[in-house]
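Here the structure is laid out as structure tokens; the discussion comes afterwards.
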Amino acid sequence: MTVVSVKQALAGMPGEGREVTVRGWVRTRRDSKAGLSFVHVSDGSCLAPIQAVVPADLPNYQDEVLHLTTGASVIVTGTLVTSQGKGQGFEIQASRIEVPGFVDDPETYPIQPKQHSMEFLREVAHLRPRTNLFGAVTRMRHTVMMAIHRFLTEQGFYWINTPIITTSDAEGAGDMFRLSTLDLANLPRDDQGKVDFRKDFFGREAFLTVSGQLNVEAYCLAMSKVYTFGPTFRAENSNTPRHLAEFWMVEPEIAFADLGDNADLAEAFLKAIFRTVLEERADDMAFFAQRVHPQAISRLEAFIAAPFERIEYTDAIGILEKSGKKFEYPVAWGVDLQTEHERYLVEEHVGRPVVVMNYPQEIKAFYMRLNDDGKTVAAMDVLAPGIGEIIGGAQREERLAQLDARMQRFGLDAETYAWYRDLRRYGTVPHAGFGLGFERLLCYICGIANIRDAIPYPRVAGSAEF
RNA sequence: GCCCGAAUAGCUCAGCUGGUUAGAGCACCUGACUGUUAAUCAGGGAGUCGUAGGUUCGAGUCCUACUUCGGGCGCCA
């Protein structure tokens, strides 16, 4: 017997008339008094299920086949033939069907062959990959991850596995999850009565990483083109459809590069990813366009077609001030751009992706490079219609004196960042990089509205089921 | 963290200004019919209306608190 995936079988592999076996889960079953049942089987390999035509003379027809319901697992062996029915190409004329697992209580089995609300499916996160939508999102998630690795590899980047456990607050940005093996009911205390973290597992305070950037910079200043791509954690109490407490982030870092090079990379990167998904996941993209977001495909095509607009932060403020729009948050040089400002810039003023560059130094992180004007730093945000900020990046401060000055300004302890400072002492070079929130990118590609549906098991404040 | 909304069958929802035994579609079970494909048709079972209080002769409906979910904002990716 030749075991094939549903995807292969639908493509007619290994050939018409051949005996094949497919294994998967029942989507629907319809019976015909002509003496057969139609069982649609899905195995995750592609969007469409394959139809197994099961004749009533099979020995287990009455006892088993007629009791198949949505979600039951089946192993179907039969002849691959072109379908007599309308629509699909190949189907399986079954000669044998095994049922490893029925659905215990079909009436309460949560996944029905119909549309469910996203809220409901979040409550059954362990079963939602059985739906068309989450199957498609899951395949897309894999495809986008691989596309990222492939693009960066082709560009000469090395994937650096930066640590999940960290002992420094990477950017002073965001609350971190504490990691400790201390007995919470009996904490060791020092002379001042404070918790004595010298007694903790690592001999000091430890946290889950909020970014691999600082670590990856060190490898950048040796390997030239690197990236880190892994899970990151934020203990922020952010209650929005765009935030997760655990999410994946890809952070490329390039040496001998300035902010312009960084923006070039970001643009090439995003366009390459979008091209890949349109080519490799056409069936799933068509599904998203049909069922989730009508512009799912067209907006990716538009994104690829147009060059990004690049504007200075200072000019962006000028545009907003002259817009005549009433913003809830007033616009003035020195303020950070609010969601409403970004939306106006991208969706109304420019109408395509925008890179905003060179922000006031007060509103950006300590490691960003101070510009010659003494007022701004070489930071950039990539804003896109429909998503807002998708990428944040910067040219890093490679000059020790300027870095120290900024660290002091932010009240950061030079001792804690000794190794980071070393990078500026031993063969420093201009370098730059950016961070991209993977699930936000996936939301945009699939057209899904809530980031909790872009990761298999979402973790957010107050919720970590499954 | 702030503001707003929602919670009725396994799912998606209806249930007007409070008034007898709470409804529909899908799903499930039974039957009819059919190379069917979100099949169709007939019948059936299925709900202490999120929880706890309160107002009232009477509460799914009004009030309060809580819980959960969702949306907007902030923080950001």
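What you see is a predicted model, and the numbers here were worked out from it, not measured in a lab. Per chain, numbering begins at 1; letters A, B, ... match sequence-line order.
- Between A/D31 and A/K33 there is no salt bridge, since none of the side-chain N atoms of the basic residue sits less than 4.0 Å from a carboxylate O of the acidic one.
- Using C1' as the reference atom, B/G47 and B/G10 are 11 Å apart when rounded to the nearest Å.
- If you measure from atom CG of A/L68 to atom C1' of B/C28, you get 15 Å, rounded to the nearest angstrom.
- Computed from coordinates, the A/D105 CG to B/C11 P distance equals 12 Å when rounded to whole Å.
- Using a 4.0 Å heavy-atom distance criterion, A/L441 is classed as making no nucleic acid contact.
- B/A39 and B/C3 are spaced 48 Å apart, taking the C1' atom of each and rounding to whole Å.
- The residue A/N450 sits close only to the backbone: its heavy atoms come under 4.0 Å of sugar-phosphate atoms, none of a base.
- A 4.5 Å side-chain heavy-atom check between A/L208 and A/I164 finds at least one atom pair inside the cut-off.
- Counting only heavy atoms from C-beta outward, the side chains of A/V81 and A/E91 approach each other to under 4.5 Å.
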Q | Bracket string, RNA chain B, 5' to 3' - pairs by Watson-Crick or G-U geometry under 3.5 Å, | interstrand | A | (((((((..((((.....[...)))).(((((.......))))).....(((((..]....))))))))))))....
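- The CD1 atom of A/I390 sits 14 Å away from the C1' atom of B/C76 (whole-angstrom rounding).
- Using a 30° and 60° split on the angle between ring planes, A/W159 and A/H149 fall in the tilted class, from 30° to 60°.
- Whole-Å rounding puts the A/H341 NE2 to B/C75 P distance at 11 Å.
- Under the 30°/60° scheme for interplanar angles, the aromatic rings of A/F438 and A/F229 are found to be tilted.
- Closest contact between the side chain of A/F38 and the listed nucleotides B/C75, B/C76, B/U36 involves B/U36.
- Protein atom NE2 of A/H116 is 12 Å distant from nucleotide atom P of B/C13, rounded to whole Å.
- B/G50 and B/U67 have their C1' atoms separated by 8 Å, with the value rounded to a whole Å.
- For A/E107, taking side-chain heavy atoms from C-beta onward, the closest of the listed nucleotides B/A27, B/U36, B/C33 is B/A27.
- A/Y417 has its ring centre less than 6.0 Å from the ring centre of A/F366.
- Comparing B/C76 with B/U64, their C1' atoms sit 37 Å apart, to the nearest whole Å.
- Contact of A/S238 with B/C76 (side chain to base): no donor-acceptor pair of N or O atoms is detected under 3.5 Å.
- Residue A/E119 has its side chain nearest to B/G70 when only B/U36, B/G25, B/G70 are considered.
- Atom NE2 in A/H67 sits about 6 Å away from atom P in B/U30, given to the nearest Å.
- Between the P atoms of B/A7 and B/G15, the separation comes to 10 Å (whole Å).
- The side chain of A/T339 places an N or O atom within less than 4.0 Å of a non-bridging phosphate oxygen (OP1 or OP2) of B/G74.
- B/U40 and B/U56: their C1' atoms are spaced 49 Å apart (whole Å).
- Scanning atom types as modelled, one donor and one acceptor separated by under 3.5 angstrom connect the side chain of A/Q51 and the base of B/U36.
- Here A/E389 lies in heavy-atom contact (under 4.0 Å) with sugar-phosphate atoms only.
- Side chains of A/R310 and A/E267 form a contact here, defined as non-hydrogen atoms less than 4.5 Å apart.
- The A/S117 side chain lies nearest to B/U12 when the options are B/G74, B/C29, B/U12.
- Atom CZ of A/R30 is separated from atom C1' of B/C33 by 15 Å (rounded to the nearest Å).
- Remark: the separation of the P atoms in B/C63 and B/G19 is 15 Å, to the nearest Å.
- Under the 30°/60° scheme for interplanar angles, the aromatic rings of A/Y359 and A/Y313 are found to be tilted.
- Nearest nucleotide to the side chain of A/Q93, out of B/C76, B/C29, B/G35: B/G35.
- Remark: the separation of the C1' atoms in B/A27 and B/U21 is 26 Å, to the nearest Å.
- Checking B/G70, B/C75, B/G35 against the side-chain heavy atoms of A/E91 singles out B/G35 as nearest.
- Counting heavy atoms from C-beta on, the side chains of A/R29 and A/F38 never come closer than 4.5 Å.
- Distance CD (A/E328) to C1' (B/C3): 11 Å, rounded to an integer number of Å.
- The pair A/R369-A/D258 does not meet the salt-bridge criterion, since no charged nitrogen lies less than 4.0 angstrom from a carboxylate oxygen.
- Both A/F247 and A/R452 sit near RNA chain B, but only A/R452 has its closest nucleotide nearer the 5' end.
- The A/R242 side chain lies nearest to B/C75 when the options are B/C75, B/A27, B/U34.
- Along RNA chain B, the nucleotide closest to A/G437 and the one closest to A/Q338 are compared, and the more 5′ of them pairs with A/Q338.
- Looking at heavy-atom distances under 4.0 Å, A/E342 makes no contact with the nucleic acid at all.
- The listed nucleotides are B/G35, B/C26, B/C73; the one nearest the side chain of A/K114 is B/C26.
- With hydrogens and angles ignored, a donor-acceptor pair closer than 3.5 Å exists between the side chain of A/H243 and the base of B/C76.
- Using a 4.0 Å heavy-atom cutoff across all strands shown, A/Q112 reaches at least one base atom of the nucleic acid.
- A/F233 comes within 4.0 angstrom of nothing in the nucleic acid, heavy atoms only.
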